[in-house]
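Data first, discussion second: the structure below is written as structure tokens.
Computed from heavy atoms alone, side chains included, the values below leave out hydrogens, waters and symmetry copies.
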Amino acid sequence: QVQLVESGGGLVQPGGSLRLSCAASGSIFSIVRMGWARQAPGKQRELVADITNGGSTTYADSVKGRFTISRDNAKNTVYLQMDSLKPEDTANYYCNIDSRRQLGFPTMRYWGQGTQVTVSS
């Protein structure tokens, strides 16, 4: 089994910062990709940021220049540094990984339970 444990969410004022962490554990051979998505009430889930095992990153246009994704391969952990937070960033943030259990096996996608980020004055 693969487990994802997220932390770092909370309440912050506009312009503030938060750092989210997500640690993966379990039956992991390799993590191909790690990322973050978010979902606000009444809205579709949107991809926020991704990072490949090679370190290539992608960001949603709405967070470019404000959010930074990084990973620690040795710890199977992905981070999301969020700066200059805006009220529209308020959402439940979900960690996700694409992991290969064994060499030659297909990758599978796993999701964390989510951590709430609320940006409000």
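The two residues Ile28 and Ala24 come nearest to each other via the heavy atoms CD1-CB, 3.8 Å. Heavy-atom minimum distance, Ser99 versus Ser30: OG-O, 3.2 Å.
The local environment of CD in Gln1 is sparse, with at most 12 non-hydrogen atoms from other residues, nucleotides or ligands closer than 6.0 Å.
The SG atom of Cys22 sits 11.0 Å away from atom CD of Gln113, with the distance rounded to the nearest 0.5 Å. The line from OH of Tyr59 to CG of Leu80 is 7.5 Å long, rounded to the nearest 0.5 Å. Here the CG-OH distance, from Asp72 to Tyr79, works out to 5.0 Å after rounding to the nearest 0.5 Å. Taking OG of Ser27 as the start and CD of Gln3 as the end, the distance is 8.0 Å to the nearest 0.5 Å. Separating the CG atom in Asn92 from the CD atom in Gln116 is a distance of 5.0 Å, to the nearest 0.5 Å.
Between the side chains of Arg33 and Asn96, at least one donor N or O lies within less than 3.5 Å of an accepting N or O.
Tyr93 contributes no side-chain N or O that, together with a main-chain N or O of Glu6, makes up a donor-acceptor pair within less than 3.5 Å. Looking only at distances, no side-chain donor or acceptor of Thr58 sits under 3.5 Å from a matching main-chain atom of Ala49. The backbone N or O of Phe29 lies less than 3.5 Å from no partner atom in the side chain of Arg100, so there is not a single donor-acceptor pair.
Side chains of Trp36 and Ile51 form no contact here, defined as non-hydrogen atoms less than 4.5 Å apart. Considering only heavy atoms from C-beta on, Arg71 comes within 4.5 Å of Ile31 through its side chain. Side-chain contact between Thr90 and Ser120 is absent, with no heavy-atom pair separated by less than 4.5 Å. Between Met34 and Asn53, the closest side-chain pair of non-hydrogen atoms is not below 4.5 Å.
One hydrophobic cluster, built from ILVMFWY side chains closer than 4.5 Å, cannot hold both Val5 and Ile69; they sit in different ones. Linking ILVMFWY residues whenever their side-chain heavy atoms come closer than 4.5 Å, directly or via other members, leaves Ile97 and Val32 in distinct clusters.
Under the side chain to side chain contact (heavy atoms under 4.5 Å, CB included) test applied with Phe67, the options Leu20, Leu18, Val48 reduce to a single match, Val48.
Using the six-membered ring where Trp is involved, Tyr94 and Trp111 have ring planes that are perpendicular, over 60° apart on the 30 and 60° scheme.
Ionic pairing of Lys86 and Asp89 is not present here: no N-O contact between side-chain nitrogen and carboxylate oxygen is shorter than 4.0 angstrom.
Evaluation of the side-chain hydrogen bond (donor to acceptor under 3.5 Å, both in side chains) rule for Ser62 yields Arg38 as partners, not counting sequence neighbours. Considering only residues two or more places apart in sequence or on other chains, Ser17 meets the side-chain hydrogen bond (donor to acceptor under 3.5 Å, both in side chains) condition with Asp83.
As a member of the Ile/Leu/Val/Met/Phe/Trp/Tyr network built from side-chain separations under 4.5 Å, Leu11 groups with nothing else and remains a singleton.
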